[in-house]
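First the structure, in the form of structure tokens, and then the observations on it.
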Protein chains: 2
Amino acid sequence: MGSEGLSRKERERLRQREEILNAALQLFSLKGYENVTMQEVAQRAEYAVGTIYNIFENKKELYKALLLEHCQRFHERVVSTLDSAKDEMTALKDYLKAKLEIFTQNISLIRLYIKETQGARFNPKAGMEEEIRELYNSFLSKLASVFESGIKKGIFRNRFRPRDLAVALDSLTTALLFEWVEDPENNPYPGDQDYMLSFLLESVLERGGNNVSH
Amino acid sequence: MGSEGLSRKERERLRQREEILNAALQLFSLKGYENVTMQEVAQRAEYAVGTIYNIFENKKELYKALLLEHCQRFHERVVSTLDSAKDEMTALKDYLKAKLEIFTQNISLIRLYIKETQGARFNPKAGMEEEIRELYNSFLSKLASVFESGIKKGIFRNRFRPRDLAVALDSLTTALLFEWVEDPENNPYPGDQDYMLSFLLESVLERGGNNVSH
DNA sequence: TCATATGTTGAACCATTGTTCATTAAATGA
DNA sequence: TCATTTAATGAACAATGGTTCAACATATGA
């Protein structure tokens, strides 16, 4: 995307950039930021260290670019899914479908992303993490607003806060998808398209069993 | 616990150890493992670097000890809660109560713990992370078995896999608690003891609304 | 009290690694 | 073709920080 109207030189630069980012992705997601050296990135990308420094300011900037660009891609994809759905229920279903695809196709990146968003909240050095968390927050608000309008229309009960519903659905599905994608031998994807959603939409309780409120 | 029958020397050593671990905890949870120097730990603990090396093999071992000991504490607490409950429903309720307490009292450590368990799965350098993940897995199995026996007794529906239920409940509550504890101004704990559990036990759907299965 | 053992200290060492830049190679176009 | 600009290279530099250990302090008990 977006490489029209560029000179050959510029396209060449962009290709290099991609190659370096790809090499970096593989290493970072495998070993973590601090355990990867620039020499390693250079070697895997088949460039000299100096070449990398011609394109990226420094190691931190390389990492930021890598993470941010992919996160923006995911974000765009998921948010546009939520926006273009014809009603609240299909919004949720389409979101989960998109998320499943993103997970299966980008698992090593997802691992990096989760580390950033889950592990480092309120980390004072912030920086890029701030930007990523902002992306995540804007997505959560979108998802919350789907629940909110669903509640207004009488599709969803008024029992739960919209934001809590968003947090609950997103965390629950992230955890389940992680399990299924990371270890499909023992924890296969159960096939059923609506399985994840039904954790919230159907009660776990057997009808006639004790209710939660004493 | 477990400091009976020790000589004065040994008790002294243990006290030092605790002081160093406490200093390390504050720094690691604030800045992350790689951004903390041994000099800093020494300074905060009010010992010389050399003294730390008399007690801990090296930096990695210090970190391992710190994380593992607290994780074992949490694990023990939660698992014993699950074990001693009189039935499945109270097991779940007691587990959530214990978890809420652990979160509010140990938030900085929880952040570290989450980083370990969520971010670093399948990281080849493993080591301690392996042990921690094993603790987490054994807890998950316990929680899954609560659901399993609940299903057998007819308290819970047979729709969901026990392990998926465990993963869903644990991830959902971790995410919600995180939100509430990290930012109580905007996301206060909603007070209701059964709020978290009811995400699974009650349907989000308004009765009469569309069901998920078309 | 004093000789010995035990514990503490932190400056110095050294391995690691992010970054630079003089050198070499390639592209350009006259 | 060849002078000049532009880009690529990787050895060397410098800073960081984990670890060591000789010197110092304290405790022990004869």
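Below, chain A is the first sequence line, B the second, and so on; all start at residue 1. Just so we're clear, the structure is a prediction, and the values are computed from it rather than from any experiment.
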| request: Send over the distance from A:Arg17 CZ to D:dA7 P, rounded to a whole Å. | output: 16 Å
| task | Kindly say if A:Thr37 contacts the phosphate of C:dT17, meaning a side-chain N or O under 4.0 Å from OP1 or OP2. | result | no
| query | Relative to the 5' end of DNA chain D, which residue comes earlier, B:Met38 or B:Lys9, by the nucleotide with the nearest heavy atom? | reply | B:Met38
| said: In whole Å, I'd like the distance from the CZ atom of B:Phe56 to the P atom of D:dG18. | reply: 15 Å
| According to a strict under-4.0 Å criterion, is B:Gln16 in side-chain N/O contact with OP1 or OP2 of C:dG7? | no
| query | Are a donor atom and an acceptor atom from the side chains of B:Glu88 and B:Ser149 found within less than 3.5 Å of each other? | reply | yes
| message | With a cut-off of less than 4.0 Å, is there a side-chain N or O of A:Gln39 near OP1 or OP2 of C:dT16? | response | no
| said: Counting only side-chain heavy atoms from C-beta out, which of D:dG17, C:dA27, D:dA11 sits nearest to A:Val49? | reply: D:dA11
| request: Verify whether one side chain among A:Tyr33 and B:Glu34 offers a donor that lies under 3.5 Å from an acceptor in the other. | output: no
| request: Find the distance A:Ile20:CD1 to D:dT9:P and express it as a whole number of Å. | output: 10 Å
| Does a side-chain N-to-carboxylate-O contact under 4.0 Å join A:Glu12 and A:Arg15? | yes
| field | Separation of D:dG18 C1' from B:Tyr63 OH (nearest whole Å) | value | 17 Å
| query | How many Å lie between CD on B:Glu10 and P on C:dG7, as a whole number? | reply | 11 Å
| query | Roughly, in whole Å, what's the span from CG in B:Asn35 to C1' in D:dG17? | reply | 12 Å
| said: At less than 4.0 Å, is any side-chain N or O atom of A:Arg13 found next to OP1 or OP2 of D:dT6? Yes or no. | reply: no
| message | Please pick, from C:dT9, D:dT19, D:dA7, the nucleotide with the shortest atom-to-atom distance to any side-chain atom of B:Asn54. | response | C:dT9
| In terms of side-chain heavy atoms, does B:Thr90 have a donor or acceptor partner in B:Asp87 at a distance below 3.5 Å? | yes
| said: Can you tell me which nucleotide in D:dG17, C:dT8, C:dT19 comes closest to the side chain of A:Tyr53? | reply: C:dT19
| query | With a 4.0 Å cut-off on heavy atoms, is A:Val36 in touch with a base, just the backbone sugar-phosphate, or nothing at all? | reply | sugar-phosphate
| message | Please confirm whether the shortest side-chain N or O distance from A:Arg8 to OP1 or OP2 of C:dT28 is below 4.0 Å. | response | yes
| note | Closest to the side chain of B:Tyr47, out of C:dT9, D:dG18, C:dT8, is C:dT9
| When the distance from CG of A:Leu27 to C1' of C:dT17 is rounded to whole Å, what number comes out? | 15 Å
| request: Name the residue closer to the 5' end of DNA chain C, choosing between B:Gly50 and A:Lys59 according to the nucleotide with the nearest heavy atom. | output: B:Gly50
| task | Report the distance from atom NZ of B:Lys31 to atom C1' of D:dG17, rounded to the nearest whole Å. | result | 12 Å
| In Å and rounded to the nearest 0.5 Å, what is the CD to SG distance from A:Glu131 to A:Cys71? | 10.5 Å
| Does a donor on one side chain sit under 3.5 Å from an acceptor on the other, for A:Lys99 and A:Tyr95? | yes
| Candidates C:dT8, C:dG10, D:dG10 - which lies nearest the side chain of B:Ala48 | C:dG10
